[in-house]
Amino acid sequence: MTSPRVVAVIPAAGVGSRMQADRPKQYLTLNGKTILEHTIDALLHHPLIDDVIVAITPGDAYFDQYRLREKPIHVVDGGKERADSVLNGLMSLGENDWALVHDAARPCIEESDISALLELINSDEVSGGILATPVRDTMKRVKSSTNVISHTEDRDGLWHALTPQLFPARLLKRALQNGLSQGANITDEASAMELEGYKVAMVNGSPANIKITHPADLPLAEFYLKQKFSAQGQDAQNYSAQSHSAINQKAQS
Ligand SMILES: Nc1ccn([C@@H]2O[C@H](COP(=O)(O)OP(=O)(O)OP(=O)(O)O)[C@@H](O)[C@H]2O)c(=O)n1
Ligand SMILES: C[C@](O)(CO)[C@H](O)COP(=O)(O)O
């Protein structure tokens, strides 16, 4: 039996308000490439990912300024919230496809973590899953609108949800549509699948897979990207060149 198609969906239509930059954070440059290009290349580079769809803000001039449309990807309009952008990205996926949803703002994703998550496609126990990393600090609940601690949360079994998040496209599309129509607070794909009652697996992923959110995240992401390139025996430019050649081969196949 042929393996199902895996389609990466990259929500990249945010404004990056917490970054307080002169442009949406996905267009800030690290090691010679925009954050979005790092993320697109990481997914295009993975041998088990068949297609890449990017959801961008309608009229996003940066996307063309950085010539990202020249990559072998598909582009759709983003939406008001992240979940709307993801849903738009899912619209063209087929009944048997799997959707691997990955934030544009997470460029440090490792190929090995993607491969570990994709193993879930063969599972009969769960309907997909997510990369996550265990909480390491003591977690406090603060009394609302104060800075006074209400209590300490039990951190046993508490994880940071990361991306990619991997689900059958048909189920995820319906879960997002239902969750959004019920006005649920859908901040990741798993929350929509949980609401539908599906079993969602956690796959322990690298804590280096940070979501670039605040200015302090930029030097950390730069460090992790340098580590990633050197671990793959490549510098940023070389990685970029290798990415292009891998991309071109994919485009010709
Ligand atoms: N309407 C939206 C909002 C967010 N995103 C994407 O979802 C990912 C994670 O969201 P977040 O880190 O919150 O990005 P922003 O919404 O841009 O950041 P902020 O909340 O600081 O404005 C990002 O890659 C962002 O581009 C999206 O595609 N569509
Ligand atoms: C999807 C996500 O990366 C999981 O941690 C996160 O929820 C996205 O960030 P947002 O600020 O909630 O949009």
Side-chain angles (χ1 to χ4, degrees), residues 8-30 33-43 52-63 66 68 73-91 99-110 113-114 117 128-136 139 158-167 172 175-176 179-180 184-195 200-218 220-221:
V9 176
I10 304 177
V15 297
S17 56
R18 289 170 285 181
M19 183 55 76
Q20 298 172 325
D22 65 348
R23 65 193 60 197
K25 62 187 179 183
Q26 56 271 34
Y27 295 108
L28 297 175
T29 301
L30 296 177
K33 284 204 299 191
T34 62
I35 288 166
L36 178 52
E37 186 170 7
H38 279 292
T39 302
I40 290 173
D41 286 350
L43 297 172
V52 176
I53 296 173
V54 186
I56 64 172
T57 302
D60 175 347
Y62 291 105
F63 192 78
Y66 288 102
L68 297 175
I73 57 177
H74 306 277
V75 183
V76 299
D77 285 350
K80 181 173 178 292
E81 302 297 333
R82 180 184 176 283
D84 300 302
S85 299
V86 172
L87 191 52
N88 289 352
L90 293 173
M91 283 307 154
L100 183 122
V101 184
H102 184 57
D103 294 331
R106 291 182 188 270
C108 306
I109 180 63
E110 297 281 356
D113 272 5
I114 296 172
L117 184 65
I130 72 171
L131 287 182
T133 184
V135 161
R136 302 183 249 195
M139 305 302 285
L158 210 52
W159 292 64
H160 292 282
L162 309 175
T163 68
Q165 304 200 0
L166 174 74
F167 298 104
L172 179 57
L176 285 171
L180 289 169
N185 181 27
I186 307 284
T187 57
D188 71 343
E189 289 61 61
S191 47
M193 295 294 284
E194 293 154 37
L195 279 175
V200 175
M202 296 276 247
V203 175
N204 197 337
S206 167
N209 178 16
I210 62 170
K211 180 167 71 74
I212 298 174
T213 306
H214 301 107
D217 298 326
L218 292 168
L220 188 56

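Start at 1 and go down the list; that is how both ligands and their atoms are numbered. No experiment lies behind these values; they were computed from the predicted model shown. If you read the sequence from its start, that first residue is 1, and numbering goes on from there.
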Return the residue, atom name and 0.1 Å-rounded distance of the protein heavy atom closest to [atom].
| atom | value |
| --- | --- |
| atom 4 (C) of ligand 2 | Ala161 O, 3.4 Å |
| atom 7 (O) of ligand 2 | Thr187 O, 3.1 Å |
| atom 28 (O) of ligand 1 | Ala13 N, 2.9 Å |
| atom 9 (O) of ligand 2 | Lys211 CE, 3.2 Å |
| atom 8 (C) of ligand 1 | Asp103 OD1, 3.6 Å |
| atom 2 (C) of ligand 2 | Asp103 OD2, 3.7 Å |
| atom 26 (O) of ligand 1 | Gly14 N, 3.0 Å |
| atom 6 (C) of ligand 1 | Pro11 O, 3.4 Å |
| atom 15 (P) of ligand 1 | Gly16 N, 3.8 Å |

Which heavy atom in [X] sits nearest to a heavy atom in [Y], and how many Å separate them?
| X | Y | value |
| --- | --- | --- |
| Leu162 | Gln165 | O-NE2, 2.9 Å |
| Pro24 | Tyr62 | CD-CE1, 3.5 Å |
| Ala13 | Ser85 | CB-OG, 3.8 Å |
| Ala161 | Ile130 | CB-CD1, 3.7 Å |
| Ala12 | Leu36 | CB-CD1, 3.9 Å |

Separation between CD1 of Ile210 and CG of Leu220, rounded to the nearest 0.5 Å: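 The CG atom of Leu220 is 4.0 Å from CD1 of Ile210, to the nearest 0.5 Å.
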
Proximal atoms of ligand 2 relative to Arg106 (non-hydrogen, under 4.0 Å):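 What qualifies from ligand 2 is 2 (C), 3 (O), 4 (C), 5 (O).
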
Atoms in ligand 2 with a heavy atom of Asp188 nearer than 4.0 Å: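 Listed by number with element, the hits are 1 (C).
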
Distance under 4.0 Å to a non-hydrogen atom of [X]: what atoms of ligand 1 satisfy this?
| X | answer |
| --- | --- |
| Ser85 | 1 (N), 2 (C), 27 (C), 28 (O), 29 (N) |
| Lys211 | 11 (P), 12 (O) |
| Lys80 | 1 (N) |
| Ala105 | 24 (O) |
| Arg18 | 11 (P), 12 (O), 13 (O), 18 (O), 19 (P), 20 (O), 21 (O) |
| Ala12 | 26 (O), 28 (O) |
| Val15 | 17 (O), 22 (O) |

Side-chain contact test, heavy atoms from C-beta onward, threshold under 4.5 Å: evaluate it for [X] versus [Y] and give yes or no.
| X | Y | result |
| --- | --- | --- |
| Leu43 | Ile73 | no |
| Arg106 | Thr39 | no |
| Ile212 | Leu28 | no |
| Val200 | Glu189 | no |
| Arg136 | Pro207 | yes |
| Phe63 | Thr57 | no |
| Ile109 | Leu131 | yes |
| Gln26 | Ile40 | no |

Side-chain H-bond candidate by donor/acceptor type, Asp188 with Ser191, under 3.5 Å: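 Ser191 and Asp188 do have a side-chain donor-acceptor pair below 3.5 Å.
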
Polar proximity ligand 2 side, Arg82 side, N/O cut 3.5 Å exclusive: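 No; every N/O pair is 3.5 Å or more apart.
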
Min heavy-atom dist Arg18 to ligand 2 below 4.0 Å: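 Yes.
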
4.0 Å heavy-atom contact, His160 with ligand 2: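 Distance cut 4.0 Å: His160 fails for ligand 2.
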
Polar contact flag for Met19 and ligand 1 (N/O pairs, less than 3.5 Å):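 By distance alone, the answer is no.
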
Shortest reach to atom 3 (C) of ligand 1 by a heavy atom, considering only Gln20, His102, Arg82, Gln26: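 Minimum heavy-atom distance to atom 3 (C) of ligand 1 goes to Arg82.
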
Mind checking whether [X] contacts ligand 1 via backbone (N, CA, C, O), side chain (CB onward), both or neither, at a 4.0 Å heavy-atom cut-off?
| X | value |
| --- | --- |
| Arg106 | neither |
| Glu81 | backbone |
| Lys25 | side chain |

Test item, Gly78 contacting ligand 1 (heavy atom, 4.0 angstrom):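 No; Gly78 lies far enough from ligand 1 that no heavy-atom distance drops under 4.0 Å.
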
Ionic contact status for Lys25 with Asp217, cut-off 4.0 Å: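 Lys25 and Asp217: not salt-bridged.
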
